[in-house]
Amino acid sequence: MTDRAPQTVDRQLPTEESRDLLALVREIAQREIRPRAAEEEDSGRFPREVFTLLSEAGLLGLPYPGEYGGGEQPYEVYLQVLEELAAARLTVGLGVSVHSLACHGLGGYGTKEQQAAHLPAMLGGGLLGAYCLSEPAAGSDAASLTTKAVRDGDDWIITGTKAWITHGGVADFYTVLARTGVEGPKGITAFLVPGDAEGLTAAVPEKKMGMKGSPTAQLHFDGVRVPDSRRIGEEGQGFSIALAALDAGRLGIAACAIGVAQAALDEALAYALDRKQFGHPIADFQGLRFMLADMATKIEAGRALYLAAARLRDAGKPFSRQAAMAKLFCTDAAMAVTTDAVQVLGGYGYTADFPVERLMREAKVLQIVEGTNQIQRMVIARHLAGPETR
């Protein structure tokens with residue numbers, strides 16, 4: 001790692017409060033997150049104490065209402081917080097995004113009684129959430145999920161297996177999508193399941209090429225009993241709830257991707273200014289200067305794209321197409337920028353002594369999670385040309 005501090009991004013923020021908020025986030029990131037990121041990722045250590053700190057600082061519920069402990073921040077501010085956290089460590093930035101995704105169903109579709117009962121602890125009470133949609137045989141085709149919830153008086157009995165669950169096994173609550181009716185999207189319902197529910201177990205976490213500090217695991221539901229008071233929305237409304245959550249979640253992934261890319265550019269630029277060859281800093285050579293310029297341009301374009309989508313969301317306007325575009329462009333940009341950062345550092349870039357190889361490995365997963373980039377292209381094309389006629 002270079003000795004130079006990361007560059008401070010020149011952000012256009014709507015209020016003085018939001019500027020103070022970003023300053024706080026940068027301070028926490030540089031003091032509590034970045035210094036231990038490489039070591040803890042290498043050892044696969046999940047930083048639960050960091051999420052506790054973020055909860056205490058009010059950073060786990062930023063886009064949610066203040067009456068339930070949220071921060072009442074617009075999405076354009078919340079996403080820039082995610083970007084700063086992801087630049088310090090993707091496990092943390094993505095973890096906050098997943099937690100927000102797990103709160104989305106209750107926050108947007110729960111009754112007032114449900115929100116009052118659960119949201120304060122979820123948003124600022126030190127709890128950590130996870131989102132359970134994917135299954136071993138239902139990834140991109142999420143509407144084909146087979147986990148079932150069957151009525152039993154005033155309860156539901158959930159049986160099945162969920163896969164690729166970020167925070168699987170360590171979360172305090174799970175937003176779970178299960179089949180309660182007919183095949184297809186209309187037979188799916190959402191539930192809020194406690195992490196310690198009887199019959200709920202987590203498999204051994206997946207061994208991943210990156211984000212080793214973030215547990216990703218299958219969850220097994222063996223007759224998990226959940227009261228009907230923990231059903232979110234109407235029966236059969238779960239898939240529409242899931243899609244709405246994913247639109248917002250894709251913006252979170254886009255912001256995290258730009259954070260990772262910014263971190264890679266910072267490292268590459270610092271190295272290029274310090275490293276000398278042929279008697280000059282390698283930043284003097286035109287070929288490398290052009291690489292840095294292209295990297296910076298991709299980052300600025302991605303940031304502008306996700307913020308434009310966020311502002312549509314804040315204004316209450318449709319943003320699904322723009323969210324898919326932002327997720328697609330920003331994650332592809334992160335993969336390109338981190339790969340170029342490794343090239344700028346040359347042989348050193350391929351070693352664990354510098355963070356760019358870790359950032360490159362982490363960038364790859366962002367092209368896959370919350371809808372692969374091939375799915376994003378399908379979403380965008382449907383907005384442009386309508387549904388496929390085949």
Same cluster or not: [X] versus [Y], using hydrophobic residues (I, L, V, M, F, W, Y) connected whenever any side-chain heavy atoms lie under 4.5 Å apart?
{"X": "V342", "Y": "L265", "answer": "yes"}
{"X": "L359", "Y": "L94", "answer": "yes"}
{"X": "V337", "Y": "M335", "answer": "yes"}
{"X": "F46", "Y": "M211", "answer": "no"}
{"X": "L82", "Y": "L13", "answer": "yes"}

Any donor-acceptor pair under 3.5 Å from [X] side chain to [Y] backbone:
{"X": "R48", "Y": "V170", "answer": "yes"}
{"X": "T297", "Y": "A293", "answer": "yes"}
{"X": "K327", "Y": "E370", "answer": "no"}
{"X": "H220", "Y": "T161", "answer": "no"}
{"X": "E357", "Y": "G349", "answer": "no"}
{"X": "E41", "Y": "G213", "answer": "yes"}
{"X": "T189", "Y": "E235", "answer": "no"}
{"X": "D172", "Y": "L128", "answer": "yes"}
{"X": "S97", "Y": "G93", "answer": "no"}

### Task
Given side chain to side chain contact (heavy atoms under 4.5 Å, CB included), test R250 with Q376 step by step and report yes or no.
CA-CA 10 Å; R250 285 166 181 164; Q376 304 314 311; 3.3 Å; yes

Are [X] and [Y] within salt-bridge range, i.e. N to O under 4.0 Å?
{"X": "R151", "Y": "D228", "answer": "yes"}
{"X": "E16", "Y": "R19", "answer": "yes"}
{"X": "D266", "Y": "R34", "answer": "no"}
{"X": "E40", "Y": "R358", "answer": "no"}

So how far is it from [X] [atom1] to [Y] [atom2], rounded to the nearest 0.5 Å?
{"X": "T175", "Y": "I241", "atom1": "OG1", "atom2": "CD1", "result": "9.5 Å"}
{"X": "S214", "Y": "L90", "atom1": "OG", "atom2": "CG", "result": "8.0 Å"}
{"X": "E198", "Y": "L200", "atom1": "CD", "atom2": "CG", "result": "11.0 Å"}
{"X": "M295", "Y": "Q262", "atom1": "CE", "atom2": "CD", "result": "9.5 Å"}
{"X": "H118", "Y": "L106", "atom1": "NE2", "atom2": "CG", "result": "6.5 Å"}
{"X": "I253", "Y": "L79", "atom1": "CD1", "atom2": "CG", "result": "10.5 Å"}

Got more than 12 heavy atoms from elsewhere within 6.0 Å of [atom1], [X]?
{"X": "E388", "atom1": "CD", "answer": "yes"}
{"X": "Y350", "atom1": "OH", "answer": "no"}
{"X": "K148", "atom1": "NZ", "answer": "no"}
{"X": "Q30", "atom1": "CD", "answer": "yes"}
{"X": "D294", "atom1": "CG", "answer": "yes"}

### Task
Test V224 against I157 for side chain to side chain contact (heavy atoms under 4.5 Å, CB included), laying out the working first.
CA-CA 5 Å; V224 174; I157 308 299; over 6 Å; no

### Query
With under 30° as parallel and over 60° as perpendicular, where do the rings of H167 and F51 fit, or are they tilted in between?
perpendicular

Do you know the tightest heavy-atom contact between [X] and [Y]?
{"X": "V260", "Y": "A86", "value": "CG2-O, 4.1 Å"}
{"X": "L328", "Y": "N373", "value": "O-ND2, 3.6 Å"}
{"X": "A268", "Y": "V344", "value": "O-CG1, 3.8 Å"}
{"X": "F319", "Y": "A309", "value": "CB-O, 3.9 Å"}
{"X": "L123", "Y": "Y68", "value": "CD1-O, 3.6 Å"}
{"X": "I158", "Y": "A149", "value": "CG1-CB, 4.0 Å"}

Is any side-chain heavy atom of [X] closer than 4.5 Å to a side-chain heavy atom of [Y]?
{"X": "P227", "Y": "D155", "result": "yes"}
{"X": "L54", "Y": "V92", "result": "yes"}
{"X": "I165", "Y": "T216", "result": "no"}
{"X": "F191", "Y": "T180", "result": "yes"}
{"X": "E84", "Y": "Q80", "result": "no"}
{"X": "E76", "Y": "R313", "result": "no"}
{"X": "L273", "Y": "P281", "result": "no"}
{"X": "V50", "Y": "T91", "result": "no"}

### Task
Using distance alone, with no hydrogens and no angle criterion, decide if Q73 and S18 have a side-chain donor and acceptor under 3.5 Å apart.
no

### Aromatic ring proximity Y64/H104, centre distance under 6.0 Å
no

### Task
Going by the side chain to side chain donor-acceptor pair (under 3.5 Å) test, name the single residue among E183, R179, E135 that passes it with T146.
E135

### With sequence neighbours excluded, residues passing ring-ring contact (aromatic ring centres under 6.0 Å, His included) with Y174
none

### Query
Under the 4.5 Å side-chain heavy-atom rule for ILVMFWY, direct or indirect, which residues accompany L246?
L101, Y131, L133, L145, L177, I188, F239, L243

### Message
Apply side chain to side chain contact (heavy atoms under 4.5 Å, CB included) to residues L60 and V96 and explain how you reach the verdict.
### Response
CA-CA 6 Å; L60 288 191; V96 174; 3.8 Å; yes

#### Entry: Working for side chain to side chain contact (heavy atoms under 4.5 Å, CB included), residues E49 and E32
CA-CA 10 Å; E49 74 284 353; E32 304 292 341; over 6 Å; no

